[in-house]
Amino acid sequence: MLPNFPFILGHVTAEPHTENIYELWLIIICDIYLVISGAIFVYQLFKVKTTRKTAINFAIALLVSCILVITFGSAWDLLG
């Protein structure tokens, strides 16, 4: 593979910041939940089912994910 590839799970900005293992796992788990709830929401939209609870669940997961990224990183991490 690439020997100089940074192991920072995809978010690299000009501002230096470090994450500990707790913060990384918290963001990874939240992002996995975000992807799963988004997939269920899109599936229910295409099946024309009621999606009110699923949409609220997805919106809360998206909001929590954005708050975690801003808290542990910087606001510029949301762009990449």
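Sequence positions, counted from 1, serve as the residue numbers for this chain.
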Quiz prompt | Separation between OG1 of Thr51 and CG of Asn57, rounded to the nearest 0.5 Å | solution = 12.0 Å
Quiz item: Is Val35 reachable from Ile60 through a run of hydrophobic residues whose side-chain heavy atoms are each under 4.5 Å from the next?
Solution: no
Quiz item: Out of curiosity, does Ile40 fall in the hydrophobic cluster containing Leu62 (side-chain heavy atoms, cut-off under 4.5 Å, transitive links)?
Solution: no
Quiz item: Leu68: what forms a side chain to side chain contact (heavy atoms under 4.5 Å, CB included) with it, not counting sequence neighbours?
Solution: Leu26, Ile27, Cys30, Val64, Phe72
Quiz item: For the residue pair Ser65 and Asp31, what are the closest heavy atoms and their distance?
Solution: OG-OD1, 2.9 Å
Quiz prompt | Backbone of Ile67 reached by a side-chain donor or acceptor of Thr71 within 3.5 Å | solution = yes
Practice problem: If a pair satisfies ring pair (Phe, Tyr, Trp, His ring centres under 6.0 Å) and one of its residues is in residues 33-52, list it, with sequence neighbours excluded. | Solution: Phe41-Phe58
Self-check item: Donor-acceptor pair between Gln44 and Thr54 side chains, under 3.5 angstrom
Solution: yes
